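Here the structure is laid out as structure tokens; the discussion comes afterwards.
In this text, all values refer to a predicted model and were calculated from it rather than measured experimentally. Chain letters run A, B, ... following the sequence lines, proteins first, then strands; residues in each count from 1.
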Protein chains: 4
Amino acid sequence: MSRTGPRRSESVRLAVLHAADDLLVERGFAGLTIEGIAQRAGVAKQTIYRWWKSKVDILLDTLADDAREALQWRTDEAAGVEENLAAQLRRVADFFEAPAGRVLQALLGHAQLESDTAAALRAGFLKEQRERDVAGLRDLLARDLERAVDDRTLGHLADLLLGPLYYRVLVFGAPIDEELVDSTTRLVLTLAREASPKVP
Amino acid sequence: MSRTGPRRSESVRLAVLHAADDLLVERGFAGLTIEGIAQRAGVAKQTIYRWWKSKVDILLDTLADDAREALQWRTDEAAGVEENLAAQLRRVADFFEAPAGRVLQALLGHAQLESDTAAALRAGFLKEQRERDVAGLRDLLARDLERAVDDRTLGHLADLLLGPLYYRVLVFGAPIDEELVDSTTRLVLTLAREASPKVP
Amino acid sequence: MSRTGPRRSESVRLAVLHAADDLLVERGFAGLTIEGIAQRAGVAKQTIYRWWKSKVDILLDTLADDAREALQWRTDEAAGVEENLAAQLRRVADFFEAPAGRVLQALLGHAQLESDTAAALRAGFLKEQRERDVAGLRDLLARDLERAVDDRTLGHLADLLLGPLYYRVLVFGAPIDEELVDSTTRLVLTLAREASPKVP
Amino acid sequence: MSRTGPRRSESVRLAVLHAADDLLVERGFAGLTIEGIAQRAGVAKQTIYRWWKSKVDILLDTLADDAREALQWRTDEAAGVEENLAAQLRRVADFFEAPAGRVLQALLGHAQLESDTAAALRAGFLKEQRERDVAGLRDLLARDLERAVDDRTLGHLADLLLGPLYYRVLVFGAPIDEELVDSTTRLVLTLAREASPKVP
DNA sequence: TGATAACCGAGACGGTACGTCCTGTCTTCCT
DNA sequence: AGGAAGACAGGACGTACCGTCTCGGTTATCA
């Protein structure tokens, strides 16, 4: 059965996402309201409710657009494994300084308060990002160790690698410094080599 | 000049803290309202506002009462350094399953959304806990290495030690398993020994 | 530019006015609250505040709807001037026994306490009623005296006519009796005839 | 049974009455609160509640002190009856311009809203004032008519005399002008002479 | 000359209503 | 059908006073 009438307006979608982003930066999460977004975007409230369930849903949308690329693992074949790993951690550090990182931070915060947010965030963005992190780590270690590392171990290594960075940001609200990046990198590599000794 | 008139009622204070604690567990942070707390505690709203600025302020108070002891470093002289360290991490893991841990989790979440909360939490509980963590780690390593470790290094070691645990809880909402405790413990001890080699 | 969106609901308006009227009679002015009206009318508080500034504003609205007719001057051509005048005063007396009269009484009371109420009441209902009273009196006297009476005199006659009635109600809270109606009527007619003697 | 301890402090009583009076003038009846009076008088709230039941009770107290004298009937033997009567009405007019008159006006207003206030005001001040008015009128008419007027008629004459003045003040909030005083005076004297014709 | 009872200041407390803000649903009209 | 405008029921907010109460400190009278 065919349908009639105009389709979803892309300009409305973008206006809402940008308004939400701007207001989050300007007034913080608590000052972010559906009514405020509607007004700023020059859009009716009902239009927002038609396409998104809540302000969290809007933010998840902005995250999907912005964060994926910033946290992608990139390999520089010319550089060593340690440099590549450290570079990825630096990307994480930079991400948290950027607007998209603030969005993730807010969503992670909200996820502690609302299980719906937690479920949506974990089933979507965080799950995908976890997969990218594990895959990126696997590839890098494979180059270093010349053998595959099992997934279980990879998971723990990822926790050890990223945990201290998120801890800094989420718990202390402090920027991630170079020294933390370096020591974390070295530590994880050490453990990886121990756990999966190169076949002589 | 001495105060006259009735003093602050301790029973009111406790009724409010317990009501807040209970409601947080029952209904979550979003379902926690000043009016709800007042009703549950059998207290007038104004009485709450007289002593606390917000529901966050109340939770900070419950945390101060409950969390300090649960996260205290305890040394078992009979056991080795590694066992002591692992036991402390297990205490952290258990804490996050307990009601007081839920309070901290909610507050950490809210701290991502409101800078006031962040400032209060960091200036109060987190600062003290950080000091306890660093001091506990210092004492433990001193026993192991038979020499003092400088504060800067201790700070990084604390990040590496606790980061992965908080990451698990805050980002993935998953319980901290034994394996993570063990690998984190070993890793940090390895790094500590490398960084501060025992004088021969 | 034409308006879009839903219009003001007439049923809501009436529900509020009736609820206010009922509650004023049941519980008196002090027991009349916006929250009470909202609850009785099955309406949200905000809906009331959207259209009225205060409970006084609501009562002014009920007055406009109810009192105009009750205090209208009516001429019975068959009857004499004195009978017509007395009939009008009896209408005033009856009005103060009816619910709408209670509303006016309450508003007059409140007008002594709040200058805003006084200004609104006087600029609205009282001004119109005064005009009706003066006009009614003018017509009646014209019939009796066969000549026009000047406005200044009419004003004073209206004061002398209505003053004693309001005095009874407002100051002594007592009902207006037939004797007061009669003596006031006679008195005013006497004075009117003196002041504007029939041209011989 | 005898009692011990300090007696009621007169300075406290006066401080409260003055504070109430001042605040009534400054902020109006709605802005007059027990807490405000207590603060302004430098007195504890409980002290007020010990001696007065409500703010209305306080105002009744100030009225008793101030109004009695202002509304007292005074006879100037040298002047005629009409002049004496007009002088009394002028006293009423002046009274409503003075602070004590404002208090009575506020209390009369409140009496329309709360039956307790109405009862207290009518059983106290208004009853006494009514008696003074009737007695004053009786004396004056006795001089004029050279015979006594019965109480029933006197009551109606008092209504006709004072009603228009109160009507002006309470309903229109306008000052009582000389013309109203004069016509009311003449009118009432006319009626009195008609009703009780001098024995020839 | 104490004891003791009332007065008084300060202000905590359980309440009620205030007026505001935002939510999510809905209705109306326009394109 | 999509969208702007915005009315509506509802719920929580933080504030202002109410009237009651508990504290200490301070008189004044009477034993």
Gap between atoms CG and P, on B:L32 and F:dG11 respectively (whole Å): 17 Å
Quick check: are there more than 12 heavy atoms from other residues, nucleotides or ligands sitting under 6.0 Å from CZ of C:R27? no
Rounded to whole Å, please give me the gap between CD in D:E35 and P in F:dC18. 6 Å
Output yes when at least one side-chain N/O atom of C:T47 is less than 4.0 Å from OP1 or OP2 of F:dA9, else no. yes
5'-most contact on DNA chain E: C:G5 or A:G31, nearest heavy atom basis? A:G31
Rounded to whole angstroms, how far apart are CD on D:E10 and P on F:dT27? 18 Å
Phosphate-side-chain proximity, B:W51 and E:dA12, N/O vs OP1/OP2 below 4.0 Å: no
Quick one: on DNA chain F, does B:K55 or C:G42 contact a more 5' nucleotide (nearest heavy atom)? C:G42
Without decimals, in angstroms, what is the distance between B:I37 CD1 and F:dG14 C1'? 14 Å
Just the rounded figure in Å: distance from P of F:dA5 to OH of A:Y49. 17 Å
Gap between atoms CH2 and P, on C:W52 and F:dC8 respectively (whole Å): 9 Å
Evaluation steps, salt bridge (charged side-chain N to carboxylate O under 4.0 Å, His left out), between B:R13 and B:D65: CA-CA 12 Å; B:R13 185 179 162 268; B:D65 277 20; 3.2 Å; yes
Nearest-nucleotide pick for C:A44, side chain only, options being E:dG14, F:dC8, F:dG10: F:dG10
Provide, to the nearest angstrom, the distance between the CG atom belonging to D:D116 and the C1' atom belonging to F:dG19. 15 Å
Could you measure the distance from the CD1 atom of A:I34 to the CD atom of A:Q46? Nearest 0.5 Å is fine. 11.0 Å
By nearest atom, which of the nucleotides E:dA17, F:dG6, E:dC22 is closest to the B:K45 side chain? E:dA17
Among F:dG19, F:dC13, F:dG6, which nucleotide sits nearest the side chain of C:R3? F:dG6
Per atom distances to the B:T4 side chain, the nearest of F:dT15, E:dA10, E:dC29 is E:dA10
Which of F:dG10, F:dC17, F:dA12 is nearest the side chain of C:Q46? It is F:dG10
Classify C:R50 by what it touches in the nucleic acid, base, sugar-phosphate, or nothing, heavy-atom distance under 4.0 Å. base
Length of the line joining B:R8:CZ and F:dC23:P, which is rounded to integer Å: 16 Å
Report the nucleotide, chosen from F:dC13, F:dT22, E:dC18, that has the shortest atom-to-atom distance to any side-chain atom of C:T33. E:dC18
As an exercise, state the distance from NE2 of A:H110 to CG of B:L113, rounded to the nearest 0.5 Å. 6.5 Å
Is the charged tip of D:R7 near the ring of D:W51: under 6.0 Å from the six-membered ring centre and within 45° of its axis? no
Just to be sure I understand the rule, does A:G36 reach a base, reach only the sugar-phosphate, or reach nothing, if contact means heavy atoms closer than 4.0 Å? nothing
